[in-house]
Visitor: 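First, the structure itself, so that you have it in front of you.
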Amino acid sequence: MRPKVFITRGIPENGIKMIKKFYEIEVWKDQKAPPRDVLLEKIRDVDALVTLLTEKVDKELLDSAPNLKIITQYAVGYDNIDVEEATKRGVYITNTPEVLTDATADLAFTLLLATARRVIEADQFVRSGEWKKSGVGWHPLMLLGYGLKGKTLGIIGLGRIGQAVAKRAKGFGMRVLYYSRTRKTEAEKEIGADYVDFETLLKKSDFISIHVPLTKKTYHMIGEKELQLMKPNAILVNTARGAIVDTKALVKALKEGWIAGAGLDVFEEEPYYDRELFSLKNVVLAPHIGSATHEAREGMARLVAENLIAFARGEIPPNLINMEVIKIRKPGFE
């Protein structure tokens, strides 16, 4: 009898086809996340679970799935999962790194450019008919933004995505500063980035892009104090996790001109709505689409399948997060 896996949302078909060869599959058909009580009921007899960031994997969930042996996260980040508790119970935790690096880096740079050059404002100006109504046509002072060449980009977190953003910045003739928990000397040489302390990065950067995971230490890492240290012409971009930035402080900074603008793909709550934030013209917003390319999402589905298949074969999954779990339970369903 094949092991059972519950997949909490539809994922690209390439991954489903691979998984079906080894597992009995049930996929939640709704685009919305399954309600908590439904999720807990669905996983009572499953051997494996595929989660998204919306699913909170805690003691309650793990108690509800006594047969669960592996959780495969359809994402790079896993701040929604109590990894320590899962490890104690011998549950393998995996994720989908690398395949979405370029997609997320592209979006970070898209938000940076769109904010700097006021692209959304310009689009609305044309579509609304205001440009025609103004009777001005082209004007030397219309919708002035900021150029990139010769400017300084500060990167918070020089992991895979941070490094990919840095490489893109170099193509635009920018200087790159970075702050990270550990210094990345090899990456510095390859990219031509300079390591600085956090305060220096905030003070010296014209643009700041966030690429750290959400942890207790990074929660509200950017608040009023940090925003006040930034340049008045600085632009903040966040494609990491919404709670790294204190939203109330950011709204205040944008309204009062502490910084010039922000580009956000992530929010403290998702889906998110804030009338005050949304009314501001100097912020560009996206609905968490950092990895939303056909190539990245299909790559993520493939990694989910590869992790599940390796485990079913009694092999260590290629993207295992909690390596110490191997001492507690060998991979496989025997």
Side-chain angles (χ1 to χ4, degrees), residues 77 79 104-105 107-116 145-146 148 151-159 161-166 168-169 174-184 187-188 193-270 272 274 276-286 288 290:
D79 46 275
T104 307
L107 186 75
F109 229 84
T110 298
L111 289 172
L112 189 155
L113 282 165
T115 309
Y146 295 96
L148 273 59
K151 300 293 178 60
T152 298
L153 172 64
I155 296 177
I156 302 174
L158 201 68
I161 297 172
Q163 290 180 39
V165 171
R168 284 156 176 74
M174 302 180 80
R175 179 193 178 198
V176 177
L177 304 178
Y178 81 95
Y179 168 76
S180 183
R181 287 179 302 173
T182 56
R183 189 165 179 175
K184 309 288 180 69
E188 283 179 32
D194 296 317
Y195 176 81
V196 294
D197 61 65
F198 188 45
E199 188 172 314
T200 299
L201 181 141
L202 294 171
K203 289 180 176 179
K204 299 290 186 182
S205 300
D206 300 295
F207 302 88
I208 294 176
S209 192
I210 300 171
H211 302 286
V212 291
L214 178 61
T215 65
K216 290 179 181 178
K217 290 185 177 180
T218 62
Y219 175 80
H220 282 190
M221 185 180 193
I222 303 292
E224 281 199 21
K225 176 186 173 184
E226 291 74 24
L227 289 161
Q228 287 176 335
L229 288 173
M230 292 169 63
K231 295 180 178 182
N233 64 334
I235 288 171
L236 178 68
V237 174
N238 188 9
T239 55
R241 288 291 181 270
I244 294 168
V245 178
D246 182 337
T247 308
K248 289 183 179 179
L250 178 61
V251 170
K252 188 175 182 181
L254 291 168
K255 285 181 70 176
E256 297 184 8
W258 302 357
I259 64 175
L264 308 175
D265 184 46
V266 288
F267 304 88
E268 296 200 57
E269 287 180 32
E270 295 182 5
Y272 186 75
D274 183 313
E276 195 172 18
L277 176 65
F278 290 8
S279 67
L280 300 174
K281 290 184 177 181
N282 55 343
V283 60
V284 175
L285 308 168
H288 203 141

Visitor: Partners of Glu268 by side chain to side chain donor-acceptor pair (under 3.5 Å), sequence neighbours excluded?
Guide: His220, Thr247

Visitor: So does Lys225 get a backbone contact from the side chain of Gln228, meaning a donor-acceptor N/O pair under 3.5 Å?
Guide: no

Visitor: Looking at every non-hydrogen atom in both residues, tell me the closest pair between Leu227 and Ala253 and how far apart they are.
Guide: CD1-CB, 3.9 Å

Visitor: Is the shortest heavy-atom distance from the side chain of Lys204 to the side chain of Val196 under 4.5 Å?
Guide: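 Sidechains of Val196 and Lys204: no contact.
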
Visitor: How about NZ on Lys184, more than 12 heavy atoms from neighbouring residues, nucleotides or ligands closer than 6.0 Å, or not?
Guide: yes

Visitor: Which atom names give the shortest non-hydrogen contact between Leu148 and Ala116, and what distance separates them?
Guide: CD1-CB, 4.3 Å

Visitor: Which pair of heavy atoms, one from Val266 and one from Glu270, lies closest together, and at what distance?
Guide: CA-OE2, 3.4 Å

Visitor: How many angstroms lie between CZ in Phe207 and CG in Leu111, if you round to the nearest 0.5 Å?
Guide: 12.5 Å

Visitor: For a side-chain contact (heavy atoms from CB on, under 4.5 Å) check, start with the C-alpha distance between Asp246 and Glu224, then their side-chain angles and the critical distance, and finish with the verdict.
Guide: CA-CA 8 Å; Asp246 182 337; Glu224 281 199 21; 5.8 Å; no

Visitor: Using the ring pair (Phe, Tyr, Trp, His ring centres under 6.0 Å) rule, collect all pairs that involve residues 237-267, keeping only residues at least two apart or in two chains.
Guide: Phe267-Tyr272

Visitor: Can you name the nearest heavy-atom pair linking Ala240 to Val212, along with the distance?
Guide: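 Smallest interatomic distance, heavy atoms only, reads CB-O, 3.5 Å.
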
Visitor: Applying the salt bridge (charged side-chain N to carboxylate O under 4.0 Å, His left out) test to Asp206, which of Arg175, Lys151, Lys231 qualifies?
Guide: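 Of all the options given, the one that passes is Lys231.
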
Visitor: Are Tyr178 and Glu188 close enough that a side-chain donor and a side-chain acceptor fall under 3.5 Å?
Guide: yes

Visitor: Give me the one residue out of Leu158, Thr239, Val237 that meets side-chain contact (heavy atoms from CB on, under 4.5 Å) with His211.
Guide: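 That would be Thr239; it is the only one of Leu158, Thr239, Val237 passing the side-chain contact (heavy atoms from CB on, under 4.5 Å) with His211.
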
Visitor: Ignoring hydrogens and angles, tell me if any N or O in the side chain of Asn282 forms a donor-acceptor pair with the backbone of Leu254 under 3.5 Å.
Guide: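 Side chain of Asn282 to backbone of Leu254, a donor-acceptor pair under 3.5 Å: yes, one is there.
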
Visitor: Using the side-chain contact (heavy atoms from CB on, under 4.5 Å) rule, take Leu112 and Leu153 through it: C-alpha gap first, then chi angles, then the decisive distance, then the call.
Guide: CA-CA 10 Å; Leu112 189 155; Leu153 172 64; 3.9 Å; yes

Visitor: Can you list the steps and then say if Leu264 with Leu277 is a side-chain contact (heavy atoms from CB on, under 4.5 Å)?
Guide: CA-CA 11 Å; Leu264 308 175; Leu277 176 65; 4.3 Å; yes

Visitor: Please lay out, stage by stage, how Ile222 and Ile156 fare under the test side-chain contact (heavy atoms from CB on, under 4.5 Å).
Guide: CA-CA 11 Å; Ile222 303 292; Ile156 302 174; 4.1 Å; yes

Visitor: Output the distance between atom CD (Glu269) and atom CG (Asp274), rounded to the nearest 0.5 Å.
Guide: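 Answer rounded to 0.5 Å: 10.0 Å.
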
Visitor: Among Thr110, Ile235, Val283, whose side-chain contact (heavy atoms from CB on, under 4.5 Å) with Thr115 holds?
Guide: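 Single side-chain contact (heavy atoms from CB on, under 4.5 Å) partner of Thr115 among Thr110, Ile235, Val283: Ile235.
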
Visitor: Around atom CD of Glu256, are there more than 12 heavy atoms from other residues, nucleotides or ligands closer than 6.0 Å?
Guide: yes

Visitor: Report the distance from atom OG of Ser205 to atom CG of Leu236, rounding to the nearest 0.5 Å.
Guide: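 Going from OG on Ser205 over to CG on Leu236, the span is 10.5 Å.
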
Visitor: First locate atom CG of Leu202, then atom CG of Leu177, and finally report the distance between them rounded to the nearest 0.5 Å.
Guide: 10.5 Å

Visitor: Return the CD1 to OG1 distance between Ile244 and Thr215, rounded to the nearest 0.5 Å.
Guide: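 So the gap between those two atoms works out to 8.0 Å.
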
Visitor: Quick check: does any side chain N or O of Asp265 sit under 3.5 Å from a backbone N or O of His288, one acting as donor and the other as acceptor?
Guide: yes

Visitor: Looking only at heavy atoms, which two atoms of Ala169 and Val176 are closest? And how far apart?
Guide: CB-CG2, 3.9 Å

Visitor: What are the two closest heavy atoms between Ala260 and Tyr146, and how far apart are they?
Guide: CB-CE1, 4.0 Å

